Amino acid sequence: MESFILDLAIILILGSVFSLLCKILKQPVVLGYIVAGFIAGPHFSFFQTVDPEHIETWAEIGVIFLLFGMGLEFSFKKLFTIGKVGGIAVAVEILGLSLLGFTIGKIIGWPTSDSLLLGGMLIMSSTAIVFKAFSDLGLQKKKFAGIVFGILVFEDLFAIILMVIVSTLGVSKQFEGSQLIGVIAKLVFFLVVWVVCGIYLIPTLLKKLRPYLNDETLLLVSMGLCIGMVVFATSVGFSSALGAFIMGSLLAETLEQERIEKVITPIKDFFGAIFFVSVGMMVDPKILVDNFPIVLVITFASILGKMIFTTTGVRLAGQDLKTAMQSGFSLAQMGEFSFIVASLGMSLGIISPTVYPIVIAVSVITTFTTPYCIRLSEPAFGVIEAVVPKRWHKILYPQSSDDKDLKTSSVWRQFIKTYIARLSLYVIICLAISLISFTIGIKFANSGEQQFIKKIILSVGTLIILAIFLRPMIHNQGKQANLFLSLWTSDTNNRFFLSFMIVMRYVVAFFFVFVVINRYWALPAYVIIIVAAVFFGLIFHSKKLMRFYWSMESRFVKNFNARQIVQQMNEDGSPMSEVSNLHWIDQNVNVAPFKLDEDSELEGITLKNLNFRKKYNVLIISVQRSGKQIDFPDGDFVLHHGDRLLLLGSFHNLRHLDLDYDTLIMDYNEVKVLNDFNKQQNEDPNSKINCLIFRIAKDSEWIGKSLIDSSLMKDKCMVIAIERNDAPIVNPSSHVIFEEKDYVWVMGDKKILYKLLEKNYFTEI
């Protein structure tokens, strides 16, 4: 115990001295920590050194809190926002730099494992170094800066994957392609489960605990969640660093992110410093001297490789060459994650001790070269622009095209992307539910007394829980439904493949039901198929089940966007905002145009008698007739042939209405989700309709009033949806009583909507 405290004293004293020295010399503090570690380590004989047996312990403790802090700065939302550019750029980096690093490693005589990891470490740049360089050069607001930070997010994600692979190889001591695929598949499975469950549960938990969370309790809760995830991650075969990073990234999506980051920063900085000092302890100067030519070769490979492959990736993602070169030159360094991975690999014995100090040296050298590389990007582009012939300038700049076939292929890409993403998500969730049921439920059912009753309860319970996710698995929703209809109606040749994709979803859903029944009950296959078919018929038409799923999905979307929603609703001191894509309702309520054909059975009938609202839960927003638009027509309005109706409702209900009336035809190519419809209305200078979101505060005059009692009916406004306790209510009844904290979607005349605030119906959140 005394030696452990002595070690800590040495680490802190030397770390503080050399970090202060680096501050005075205006150098990165990380460099000071590494130098302090070198002096405190076993390879420096002129000073009291830290016990070598404790170095790995200090490194592991430090990396847990360092990765937790990095996770708090990570953003899943940014990952999705810059998905195309960042994903393509990092994919090109992985292919190019992995091959480059492996080739260099084999040329200089390194074993296969060292060469492979060298390629992986060349990919990872330094967020801290890039951020400091951009700050010093005043480049934070440049276009390429946003792209660079987006790429860094993907590189961090790649680093986490590489750490998992290194940890797994450290246990198995062998490398096989099938094993690598298995590791990645296992990682993806657990990442999806952790992220979905975490975003659904953790923000809700913190929201309920918020009145009791002062800085002290918030710190304890955050650290408890972090260490809990670390323990869970290690128990399922992943590294402790991965668990810390995942929990940090989940907490980064909560409303408490700023507070958590504030209370956790001293601990993160403290243990981060310990980690970087421990990095320096493992540097052997003799190895550096003996391998100095190799250090130079890898340094040039890191700088030139990142410049070339990152630039290529950003250009392939559709950016112009100048932006691509600025991005590539900005990332021309080896970052902290590289020696985190090297440290992990060395501690597990899968890379040679020689590699570690070389990686540290390369990282230190490229830290100093980064600002010069960034400044070099524009002159380098100028040289290329001057040298390349004008007829080849299409290489430098992205080309646009209005070709119809390209637009169709774009719709196909969007549809297939959403199809695969949603199907994969539901499959992973259902797989997790099934595995829990099989590993815990079946064991419990087969033990003790009343096994038959326990089997019935557990098997039926598993099927009902699965049904919550299987039903949306087989249905198109939101933009996916619009893309499906666009492809279905645009070309009859598309229908075979689209039908096949529908059948595939049903097959996958049926497979889960079949497997669950089969695992719990030893029945013939034909009996299981009959039981599964009955289950489909009973459960998959349950409206209550679908509403429950909508409530869950709405909570997930709201939790995921919680920080943006609060920021948006408070913008300019106003509790109102235009519809965005931050709520479930914005992406799952559709607006569709219908045209009334000649000789229609609906001609001459009033809207009151048609009663679309009651029969189909669909609202009529407007009717266009002879070039004029009648907004929010009343019940006495009579339909004529040629009328173009704009209707609002769920995709399922609009589709049902279209199928019931042959002469009331929906224009599938013009169906839009509420978010896209509102954008179109705002861009049209002649449009008078808008949709706003209001949040009812505790002193609002609306509390306790029903929709019919409000003045909205008189003002030609419509409440199209309410979100209450995370549950969406589309087309609410006129007798619904408004409650505090309701989110209310109101559609109406723009001027009237903005006057609502003046009537003091709403106050700031």
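None of these values were measured; they are calculated from a predicted model. By convention here, the first residue in the shown sequence is residue 1.
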Shortest non-hydrogen separation from [X] to [Y] and the atoms involved:
X	Y	value
Leu431	Phe512	N-CE2, 3.7 Å
Leu72	Ala252	O-CB, 3.3 Å
Val513	Ala532	CG1-CB, 3.6 Å
Arg613	Pro732	NH2-O, 3.0 Å
Leu607	Pro633	CD1-CG, 3.6 Å
Arg495	Trp488	NE-O, 3.0 Å

Are the side chain of [X] and the backbone of [Y] linked by a donor-acceptor contact shorter than 3.5 Å?
X	Y	result
Asn678	Cys691	yes
Thr204	Tyr200	yes
Asp658	Met666	yes
Asp586	His583	yes
Thr663	Leu602	no

Check your understanding: What do the steps show when you test Leu463 against Ile517 for side-chain contact (heavy atoms from CB on, under 4.5 Å), and what is the final call?
Key -> CA-CA 8 Å; Leu463 289 173; Ile517 298 173; 4.1 Å; yes
What pairs with [X] under side chain to side chain donor-acceptor pair (under 3.5 Å), at least two apart in sequence or on another chain?
X	answer
Ser551	none
Lys595	none
Arg555	Asp726
Asp643	Arg625

Inter-residue atom distance [X].[atom1] - [Y].[atom2], 0.5 Å rounding:
X	Y	atom1	atom2	value
Met747	Leu692	CE	CG	9.5 Å
Ile464	Phe548	CD1	CZ	11.0 Å
Leu255	Lys207	CG	NZ	8.0 Å
Tyr661	His656	OH	NE2	9.5 Å
Glu723	Asp742	CD	CG	9.0 Å
Ile689	Asp631	CD1	CG	3.5 Å

Exercise for review: Output, in order, the C-alpha distance, side-chain angles, deciding distance and verdict of side-chain contact (heavy atoms from CB on, under 4.5 Å) for Met473 and Leu470.
Suggested key: CA-CA 5 Å; Met473 178 194 292; Leu470 293 179; 3.7 Å; yes
Excluding sequence neighbours, so at least two apart, what forms side-chain contact (heavy atoms from CB on, under 4.5 Å) with [X]?
X	value
Asp662	none
Leu209	Leu205, Leu213
Ser733	His735, Val736
Asp215	Arg259, Val263

Point to revise | Distance-only polar pair, side chains of Ser600 and Asp597, donor-acceptor under 3.5 Å | key: no
Check your understanding: Do Gln257 and Glu253 have a side chain donor and acceptor closer than 3.5 Å?
Key -> no
Quick one: are [X] and [Y] in side-chain contact, heavy atoms under 4.5 Å?
X	Y	result
Phe535	Leu466	no
Phe511	Val508	no
Leu250	Leu225	no
Ile585	Ile720	no
Glu553	Asn588	yes

Point to revise | Parallel, tilted or perpendicular: ring planes of Trp550 versus Trp584, cut at 30 and 60 degrees | key: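 If you compare the ring of Trp550 with that of Trp584, the planes turn out tilted.
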Review point. Do the ring planes of Phe484 and Phe415 sit parallel (below 30°), tilted (30 to 60°) or perpendicular (above 60°)?
Key: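 Aromatic pair Phe484/Phe415 classed tilted.
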Study note, to complete from the structure: Applied to residues 426-437, the side-chain hydrogen bond (donor to acceptor under 3.5 Å, both in side chains) test, sequence neighbours excluded, yields Arg422-Tyr426, Tyr426-Tyr549, Ser437-Thr462, Ser437-Tyr520
Exercise for review: Using ring-ring contact (aromatic ring centres under 6.0 Å, His included) as the criterion, list what pairs up with His641, not counting sequence neighbours.
Suggested key: none
Revision key, fill the gap. Sorted by chain and residue number, the ring-ring contact (aromatic ring centres under 6.0 Å, His included) partners of Phe510 (sequence neighbours excluded) come out as Phe536
Exercise for review: Report, as yes or no, whether the 6.0 Å neighbourhood of atom CD on Glu601 holds more than 12 heavy atoms from other residues, nucleotides or ligands.
Suggested key: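 Yes, enclosed.
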Exercise for review: Could you walk me through whether Ile693 and Trp745 pass the side-chain contact (heavy atoms from CB on, under 4.5 Å) test, one step at a time?
Suggested key: CA-CA 5 Å; Ile693 307 172; Trp745 276 253; 3.6 Å; yes
Point to revise | Reference residue Leu639; test side chain to side chain contact (heavy atoms under 4.5 Å, CB included); the match among Thr606, Leu645, Ile605 | key: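 It is Leu645, the one option of Thr606, Leu645, Ile605 that forms the side chain to side chain contact (heavy atoms under 4.5 Å, CB included) with Leu639.
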Review point. So among Val195, Ile420, Val192, which one has a side chain to side chain contact (heavy atoms under 4.5 Å, CB included) with Leu425?
Key: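 So, applying the side chain to side chain contact (heavy atoms under 4.5 Å, CB included) to Leu425 and each of Val195, Ile420, Val192, only Val192 qualifies.
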Exercise for review: Show your reasoning for whether side-chain contact (heavy atoms from CB on, under 4.5 Å) applies to Gln587 and Val557.
Suggested key: CA-CA 10 Å; Gln587 294 294 331; Val557 172; over 6 Å; no
Review point. Can a salt bridge be assigned to the pair Glu739 and Lys741 using a cut-off of 4.0 Å between side-chain N and carboxylate O?
Key: no
Show me, pair by pair, the donor-acceptor contacts under 3.5 angstrom made by side chains of residues 615-623, not counting sequence neighbours?
| from | atom 1 | to | atom 2 | distance (Å) |
| --- | --- | --- | --- | --- |
| Tyr616 | OH | Asp660 | OD2 | 2.8 |
| Asn617 | OD1 | Asn731 | ND2 | 2.8 |

